[in-house]
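Bear in mind the structure is a predicted one, so any value in this text is a computation, not a measurement.
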Amino acid sequence: MPTQKRRKDVRNLAIIAHVDHGKTTLVDALLKYTGAYDFKAGEVTIMDSNPLEKERGITILSKNASLQYKGVQFNLVDTPGHADFGSEVERILKMVDGVLLLVDAFEGPMPQTKFVLKKSLELHLKPIPLINKPDRPNCRPDEVADMTFDLFCELNASDEQLDFPIVYASGKDGYAMLDLDEPRDSIKPLLETILHRVLPPIANPDLPFQMLVTMLDYDSYVGRIAIGRIFHGTVRVGDPVALVKRDGTIARGKATKIMKYRGLIRIEVNEAIAGDIILISGIDDVEVGETLTCIDNPKGLPAIKIDEPTISMNFSHNTSSLSGKDGGRFLTSRHLRERLQHEAMINVGIKVEEIAGSERLKVSGRGELHLAILIETMRREGYEMEVSRPQVILKKMGSQTLEPVEEVVIEADEEYQGAVMQALGTRKAQMRELKTTSTGASRMEFIIASRALIGFRGEFLMMTRGSGIMYQNFLEYQTYKGDLPKRQSGVLISDRGGDAVAYALYNLQARGEIFVEPGEKLYEGMIVGVNNKGADLVVNALRGKKLTNMRASGSDDAIALIPPRQITIEFALEFIEDDELVEITPKHIRLRKLHLTEIGRKRVSRSA
């Protein structure tokens with residue numbers, strides 16, 4: 001067997017961190033310094049190209065870029081920081097030889113920091129810790145560096161992995177340094193550290209071709225595009241290739257197009273060799289985790305292990321009387337099925353299953369946000385659908401029932417500490433740590449069942465007047481925790497269809513929060529507001545004021561309506577109960593009962 005060689009002209013590196021710790025901004029600084037991308041005035045976080053990413057300020061999809069430094073090509077992968085998109089991080093780490101671990105100089109290591117670091121250590125990668133934003137007010141870079149080292153030790157890092165340099169950098173201001181007393185003039189010290197710390201990829205072009213598929217893309221002209229790293233050998237345009245599937249079966253294809261990254265753009269090349277991260281088309285039915293190999297010696301690489309989904313929801317086409325009246329272009333269950341199956345093909349964190357005897361589909365993901373982003377994306381593409389309340393996925397182990405449990409870190413002003421602890425206590429959370437930060441805020445760590453967190457985020461923001469910060473991360477499966485408290489309030493249900501009337505809504509707002517505004521289209525069974533008294537109430541939101549010839553002082557004053565709550569997908573999924581649905585259209589998000597007629601609801605409750 002030929003000896004292993006390393007390509008000195010390539011470095012493959014993933015950038016990992018907790019959400020909002022500055023990964024994408026740091027990539028901007030690297031691209032700007034090396035001239036890999038020509039930034040226009042005001043352009044920032046250039047890797048967040050998806051409209052949803054720009055709106056929310058978070059990275060949702062992993063993306064590739066490359067830059068040249070001292071004749072060496074750096075292949076960079078920007079990964080999501082939110083725990084719900086952990087499946088993106090897990091497969092990306094298979095493509096690289098090193099990771100840049102960003103930690104905020106003020107917040108320190110957070111739950112997702114621990115998650116991504118644990119995954120990289122398990123793959124025997126050598127992380128480079130980077131303390132980001134050391135010029136922030138109240139920052140504590142030296143203390144955070146010690147906390148990061150402690151985290152490495154907690155995760156059983158090897159002696160070699162513990163022997164790391166610490167880089168201090170600011171992606172926003174474009175500088176890096178190995179010591180806080182050094183001048184802050186350029187990002188060059190970080191590039192030098194990557195160059196000398198990250199191992200060049202093992203690359204022997206004499207071995208048979210092998211490439212692990214870690215991402216997928218789709219083009220209407222060339223079909224599926226497999227993205228991954230070549231581990232061994234060489235591939236050229238026109239070469240026949242074999243696809244080794246997860247079950248060991250072999251399929252055949254042909255490399256019709258090969259592309260590499262230059263900066264942020266894709267360029268076509270005639271051949272690629274071991275160590276390169278490439279895009280290749282011409283192989284039908286390729287899936288993430290499978291191996292592309294040469295025809296003569298089709299051997300698969302170890303498949304990517306990805307954590308299972310923890311939350312599921314039922315999707316179906318829109319069955320309300322307003323279906324098709326909100327600008328939706330894809331209205332049928334066939335459209336919905338095809339779109340979800342396409343998503344499951346590209347996004348390995350999503351799982352789609354048919355529900356026997358119905359047109360509904362069970363869609364599973366890594367968390368509420370994961371599924372909410374999918375719903376918002378489909379909504380913008382013109383799909384109309386109904387979705388059920390999120391349910392956690394339970395597991396059976398012998399006679400025991402297990403459920404997913406999460407780590408939750410909360411930072412809130414000290415005055416809200418008691419309210420937060422009481423609210424989580426009723427949801428059977430276990431406190432793990434309580435301490436005061438350098439700014440005087442309370443930092444609390446809890447272990448809590450995933451289903452107990454459904455609906456808590458909105459309550460938490462109201463409880464802390466919008467000032468609290470909450471992070472969560474999947475921990476493990478534990479014994480089922482038993483019954484949990486449910487929503488205390490009932491809902492106001494429209495008893496007929498038509499346009500909502502201001503006079504009727506004025507009389508209803510004393511009962512609770514209203515979700516609709518005057519003139520909005522209603523239908524029977526649609527939820528128009530909250531009933532604070534706890535029971536569901538059927539109401540007439542179309543009733544107008546009776547017209548008479550009598551006039552009394554003050555009776556004809558202008559009706560003062562409290563502005564209705566703006567329904568978002570996240571709020572809707574947290575608010576609804578098991579007998580309710582969220583109706584999603586390109587223009588509206590509505591809440592409704594599963595059974596629209598009052599007779600139908602009574603019949604179901606009697607049979608239950």
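Under the 4.5 Å side-chain criterion, counting only non-hydrogen atoms from C-beta, Phe460 is in contact with Ile410. Between Thr214 and Met95 the shortest side-chain heavy-atom distance falls below 4.5 Å. In this structure the side chain of Lys188 reaches within 4.5 angstrom of the side chain of Tyr33, judged on heavy atoms. Using a 4.5 Å heavy-atom cutoff, the side chains of Phe74 and Leu13 are not in contact. Ile250 has its side chain out of reach of Leu243: every pair of non-hydrogen atoms, C-beta onward, lies at least 4.5 Å apart. With a 4.5 Å cut-off on side-chain heavy atoms, Leu292 and Ile283 count as touching. For the pair Leu453 and Met470, the minimum side-chain heavy-atom distance is below 4.5 Å. Counting heavy atoms from C-beta outward, Leu178 and Tyr168 have side chains that stay 4.5 Å or more apart.
No salt bridge links Glu445 with Lys435; every basic N to acidic carboxylate O contact stays at or beyond 4.0 Å. Ion pair Asp104/Lys133 flagged as a salt bridge, since at least one NZ, NE, NH1 or NH2 atom sits closer than 4.0 Å to an Asp/Glu carboxylate oxygen. A salt bridge links Glu160 with Lys126: the closest approach of a Lys/Arg side-chain nitrogen to an acidic carboxylate oxygen falls below 4.0 angstrom. Taking a cutoff of 4.0 Å between a charged side-chain nitrogen and a carboxylate oxygen, Glu433 and Arg443 do not qualify as a salt bridge. In summary, Arg252 and Asp284 do not engage in a salt bridge, as defined by a charged side-chain N under 4.0 Å from a carboxylate O. Under 4.0 Å is where a charged nitrogen must lie from a carboxylate oxygen, and between Arg224 and Glu287 at least one such pair does.
Ring geometry, Phe164 versus Phe152: the interplanar angle falls from 30° to 60°, so the pair is classed tilted.
Annotation for Gly108 and Val103: closest pair C-CG1, 3.4 Å, computed over non-hydrogen atoms. The heavy-atom pair separating Ile569 from Glu376 by the smallest distance is CD1-OE1, 3.1 Å. The minimum heavy-atom distance linking Val235 with Ala255 is given by the pair CG2-CB, 4.3 Å. When all heavy atoms are compared, the tightest approach of Ile311 to Pro390 is CG2-CB, 3.8 Å. Gly275 approaches Asn12 most closely through the heavy-atom pair O-ND2, 3.1 Å. Considering all non-hydrogen atoms of both residues, Ala272 and Ile258 come closest at CB-CG2, 4.3 Å.
Of the listed residues (Leu26, Thr25, Ile131), just one forms a side-chain contact (heavy atoms from CB on, under 4.5 Å) with Leu102, and that residue is Leu26. With respect to Leu279, the side-chain contact (heavy atoms from CB on, under 4.5 Å) criterion is satisfied by exactly one of Leu216, Val269, Ile227: Ile227. When each of Ile278, Asp97, Asp276 is tested with Arg229 by the rule side-chain contact (heavy atoms from CB on, under 4.5 Å), just one qualifies, namely Asp97.
Residues Gln210 and Thr293 bring no donor and acceptor atom of their side chains to less than 3.5 Å of each other. At a cut-off of 3.5 Å, with distance as the only test, no side-chain donor of Gln161 or Asp159 sits close to an acceptor on the other residue. Side chain to side chain, Ser281 and Thr256 meet the donor-acceptor criterion of an N or O pair below 3.5 Å.
The CD1 atom of Ile187 sits 11.0 Å away from the CG atom of Leu31 when rounded to the nearest 0.5 Å. With rounding to the nearest 0.5 Å, the separation of OH in Tyr69 from CG in Leu190 is 9.5 Å. Taken to the nearest 0.5 Å, the CZ atom of Arg366 stands 6.5 Å off from the OG1 atom of Thr310. Summarising the geometry, atom NZ belonging to Lys260 is positioned 11.0 Å from atom CD1 belonging to Ile277; distances are rounded to the nearest 0.5 Å. Annotation: the span from Leu151 atom CG to Asp146 atom CG amounts to 12.5 Å, rounded to 0.5 Å. Between Glu368 atom CD and Met313 atom CE the span is 8.5 Å, to the nearest 0.5 Å.
In terms of modelled atom types and a separation under 3.5 Å, the side chain of Asn75 and the main chain of Ala65 share no donor-acceptor contact. Side-chain atoms of Glu343 never come within 3.5 Å of backbone atoms of Arg339 as a donor-acceptor pair (strictly under, hydrogens ignored). When atom types are taken as modelled, the side chain of Thr249 and the backbone of Lys245 share no donor-acceptor pair closer than 3.5 angstrom. Remark: side-chain polar atoms of Thr34 are not paired, donor with acceptor, to backbone N or O of Leu67 under 3.5 angstrom. Of the possible donor and acceptor atoms, none in the side chain of Arg184 sits under 3.5 Å from a partner among the backbone N and O of Asp181.
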Would you be so kind as to tabulate the donor-acceptor pairs closer than 3.5 Å made by side chains of residues 295-304, with sequence neighbours excluded?
none

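Residue pairs satisfying the ring pair (Phe, Tyr, Trp, His ring centres under 6.0 Å) criterion with at least one member in residues 276-302, sequence neighbours excluded, are absent.
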Criterion side chain to side chain contact (heavy atoms under 4.5 Å, CB included) on Val363 and Ile350, from CA distance to verdict: CA-CA 7 Å; Val363 181; Ile350 293 285; 4.0 Å; yes
Side chain to side chain contact (heavy atoms under 4.5 Å, CB included) between Phe231 and Leu207, intermediate numbers included: CA-CA 9 Å; Phe231 280 82; Leu207 292 174; over 6 Å; no
Candidate pair Tyr175 and Ser186, rule side chain to side chain contact (heavy atoms under 4.5 Å, CB included), full reasoning: CA-CA 4 Å; Tyr175 69 78; Ser186 82; over 6 Å; no
Verdict with reasoning, Thr234 to Asp206, per side chain to side chain contact (heavy atoms under 4.5 Å, CB included): CA-CA 8 Å; Thr234 304; Asp206 301 326; over 6 Å; no
Derivation of the salt bridge (charged side-chain N to carboxylate O under 4.0 Å, His left out) call for Asp217 and Arg266: CA-CA 13 Å; Asp217 202 351; Arg266 298 171 177 180; 2.9 Å; yes
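No more than 12 heavy atoms of other residues, nucleotides or ligands sit less than 6.0 Å from atom CG of Asn270.
Taking the ring axis of Tyr383 as reference, the NZ or CZ atom of Arg379 does not stay both within 45° of it and closer than 6.0 Å to the ring centre.
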